[in-house]
Amino acid sequence: MAIKLRNEYGPVLHMPTSKENFKEKGPQNASDSYGHKQYPANQGQEVEYLVTGTHPYPPGPGVALTADTKIQRMPSESAAQSLAVALPSSQARVDANRSAPAGSEYRHPGASDRSQPAGMTSAVMEVGNAKNSALMAKKAPTMPKPQWHPPWKLYRVISGHLGWVRCIAVEPGNQWFVTGSADRTIKIWDLASGKLKLSLTGHISTVRGVIVSSRSPYLFSCGEDKQVKCWDLEYNKVIRHYHGHLSAVYGLDLHPTIDVLVTCSRDSTARIWDVRTKASVHTLSGHTNAVATVRCQAAEPQIITGSHDTTIRLWDLVAGKTRVTLTNHKKSVRAVVLHPRHYTFASGSPDNIKQWKFPDGSFIQNLSGHNAIINTLTVNSDGVLVSGADNGTMHLWDWRTGYNFQRVHAAVQPGSLDSESGIFACAFDQSESRLLTAEADKTIKVYREDDTATEETHPVSWKPEIIKRKRF
């Protein structure tokens with residue numbers, strides 16, 4: 001009970017300054033136990049009294065002060081327990097705040113219940129010669145109307161792999177795409193027809209990452225066999241190996257302007273490689289658990305990693321050191337995506353999808369509702385953010401407002417177990433007209449926008465209601 005009192009009802013001990021009316025029964029000019037000067041009162045006349053001390057249990061608005069409440073006394077244990085029963089629970093307070101009028105959205109649980117005019121930021125209360133400034137709550141923010149996006153529909157399922165499809169990438173020319181699988185193969189598919197063009201073998205364990213270079217005819221892959229390979233697509237052979245990771249390599253990315261490859265691993269590190277010389281330029285150490293995802297960009301910070309230690313790190317590429325560590329997530333971060341136009345990025349975790357602003361990782365907002373282990377994120381230039389999860393669900397969001405406009409749960413391939421319903425990777429093609437997902441039922445699913453949909457047939461179920469955004 002003592003812990004409950006301290007945690008849930010502690011704010012009552014620090015209520016803000018308030019002004020009360022009371023009728024004094026007799027003249028009194030003495031100081032109270034705090035040493036504050038008391039104003040004389042005429043018998044039977046209504047006098048304003050300014051509460052300047054910190055009282056354990058001050059009266060509510062409109063309740064007169066008495067001689068007992070002017071003196072600070074610590075309550076007895078029975079009185080404290082009765083107060084705990086009388087006060088609403090934390091959940092009740094949350095529900096009350098949710099339905100509160102504008103202007104009280106960010107009110108502290110122990111703040112005065114007195115309503116204030118919206119838009120006012122301060123007011124001055126005068127009693128005799130005393131002046132006191134009390135801060136008023138600002139008007140609460142409202143969610144802006146989200147941009148309308150047409151829904152996406154499944155139009156092709158591509159089969160061919162013999163194991164979970166773990167990663168996917170579209171080549172810069174938009175003619176074909178590549179997938180890596182738990183069957184230890186890398187397959188290249190025609191994007192227009194969905195037909196298999198080529199299979200590459202060489203990894204001896206699950207392939208976890210693939211990417212195609214836009215600067216050279218190279219394909220890079222990594223896997224749970226600790227190997228990072230560079231494939232020459234003119235000869236369809238491995239021409240370089242990058243040795244150094246001590247455990248499974250979970251992801252990789254290429255720098256857009258210089259010949260640098262970045263990989264991340266279960267050994268809690270990310271490594272920066274010179275593509276041509278195979279030299280390890282930097283080993284990025286600092287994470288305390290497996291690093292699940294890595295992204296590169298030309299602007300600062302040039303490298304972003306997400307880890308199972310629940311943190312995101314922004315790295316200085318030149319120094320090979322951490323610039324910023326973001327600790328807002330409470331569970332492992334398995335996915336990070338950079339917006340193609342804005343200087344922002346998003347991270348996915350079982351607790352929330354969070355949006356951030358570069359270069360310092362300033363928090364923007366939470367995207368809540370995808371209550372699953374999020375394995376992958378991708379976003380297009382129209383502001384459609386896609387999150388894919390372990391349970392086979394895919395949510396589509398409006399990037400600017402965080403509005404969830406579509407939820408998809410495609411049926412598993414016939415012959416697969418229902419439990420094999422999981423999305424491990426997703427990507428838009430270069431034209432952003434197709435969305436590809438790599439799934440646990442050994443298939444690649446292709447989605448495209450529904451051309452017949454309009455704002456009338458698929459309206460945005462949005463109301464200009466007050467929203468409550470979490471800070472962390």
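Note that the coordinates shown come from a computational prediction; the quantities given were computed from them, not determined experimentally.
- Atom CZ of Arg341 has 12 or fewer neighbouring heavy atoms from other residues, nucleotides or ligands inside a 6.0 Å radius.
- Under 4.0 Å is where a charged nitrogen must lie from a carboxylate oxygen, and between Asp351 and Lys331 no such pair does.
- Taking CD1 of Ile168 as the reference point, atom OG of Ser181 lies at 11.5 Å (rounded to 0.5 Å).
- Heavy-atom contacts from other residues, nucleotides or ligands closer than 6.0 Å to CH2 of Trp176 number more than 12.
- Rounded to the nearest 0.5 angstrom, Glu171 CD and Ser214 OG are separated by 10.5 Å.
- Annotation for Leu252 and Cys222: closest pair CD2-SG, 3.7 Å, computed over non-hydrogen atoms.
- For the pair Trp399 (side chain) and Asn380 (backbone), a donor-acceptor distance under 3.5 Å is absent.
- Taken from CG in Asn352 to CG in Leu367, the straight-line distance is 8.0 Å, to the nearest 0.5 Å.
- Residues Glu300 and Gln302 bring a donor and an acceptor atom of their side chains to less than 3.5 Å of each other.
- Side chain of His243 to backbone of Lys278: no donor-acceptor contact under 3.5 angstrom is found.
- Ring geometry for Tyr343 versus Phe358: interplanar angle of 30 to 60°, hence tilted.
- Here the closest non-hydrogen pair linking Trp231 and Thr201 is CH2-O, 3.5 Å.
- The two residues Asn366 and Lys354 have their closest heavy-atom pair at OD1-NZ, 2.9 Å.
- Between the side chain of Asp225 and the backbone N or O of Ile204, at least one donor-acceptor pair lies under 3.5 Å.
- At least one donor-acceptor pair under 3.5 Å links the side chain of Lys330 to the backbone N or O of Asn328.
- Side chain of Gln147 to backbone of Asp398: no donor-acceptor contact under 3.5 angstrom is found.
- His149 and Asp382 are not linked by any side-chain donor-acceptor pair at a separation below 3.5 angstrom, with hydrogens and angles left out of the test.
- With rounding to the nearest 0.5 Å, the separation of CZ in Arg334 from CD1 in Ile373 is 5.0 Å.
- Remark: Phe177 CZ to Arg434 CZ distance equals 9.5 Å, nearest 0.5 Å.
- A side-chain donor from one of Thr257 and His255 sits under 3.5 Å from a side-chain acceptor of the other.
- Checking Thr325 against Thr322 by side-chain atom types alone, no donor-acceptor pair falls below 3.5 Å.
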### Task
Decide yes or no on side-chain contact (heavy atoms from CB on, under 4.5 Å) for Phe424 and Asp390, but give the supporting numbers first.
CA-CA 7 Å; Phe424 293 119; Asp390 240 15; 4.0 Å; yes

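- From Thr288, atom OG1 reaches atom CG of Asp309 across 4.0 Å, with rounding to the nearest 0.5 Å.
- Screening Val238, Leu219, Thr185 for a side chain to side chain contact (heavy atoms under 4.5 Å, CB included) involving Leu200 leaves a single residue, Leu219.
- By the neighbour-count criterion of 12 heavy atoms within 6.0 Å, atom CZ of Arg295 is densely surrounded, having more than that number from other residues, nucleotides or ligands.
- Using a 30° and 60° split on the angle between ring planes, Phe363 and Trp356 fall in the perpendicular class, above 60°.
- The backbone N or O of Thr206 sits nowhere less than 3.5 Å from a side-chain atom of Arg166 that would complete a donor-acceptor pair.
- With Glu439 contributing its side chain and Lys445 its backbone, the two residues share no donor-acceptor pair below 3.5 Å.
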#### Entry: Ile272/Ile303 under side-chain contact (heavy atoms from CB on, under 4.5 Å): CA gap, chis, key distance, verdict
CA-CA 10 Å; Ile272 302 172; Ile303 298 173; 3.5 Å; yes

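- Heavy atoms only, all atoms of each residue included: Val249 and His245 are closest at CG2-CD2, 3.7 Å.
- Counting all heavy atoms, side chain and backbone alike, Cys426 lies closest to Leu435 at CB-CD1, 4.4 Å.
- Between Trp273 and Phe220, the distance from one ring center to the other does not fall under 6.0 angstrom.
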### Message
side-chain contact (heavy atoms from CB on, under 4.5 Å) for Val281 and Val260? Distances and angles first, verdict last.
### Response
CA-CA 9 Å; Val281 180; Val260 161; 5.7 Å; no

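- Between the side chain of Asp316 and the main chain of Lys321, no donor-acceptor pair closer than 3.5 Å is present.
- Within 6.0 Å of the CZ atom in Arg240, the count of heavy atoms belonging to other residues, nucleotides or ligands exceeds 12.
- In this structure, a donor-acceptor pair under 3.5 Å is present between the side chains of Ser265 and Asp267.
- Taking a cutoff of 4.0 Å between a charged side-chain nitrogen and a carboxylate oxygen, Asp183 and Lys187 do not qualify as a salt bridge.
- Remark: the backbone N or O of Ser332 is paired with a side-chain donor or acceptor of Ser349 at under 3.5 angstrom.
- Shown here for Trp315 and Gly286, the closest heavy-atom pair between the two residues is CH2-N, 4.4 Å.
- Side-chain atoms of Ser307 come within 3.5 Å of backbone N or O of Asn289 as a donor-acceptor pair.
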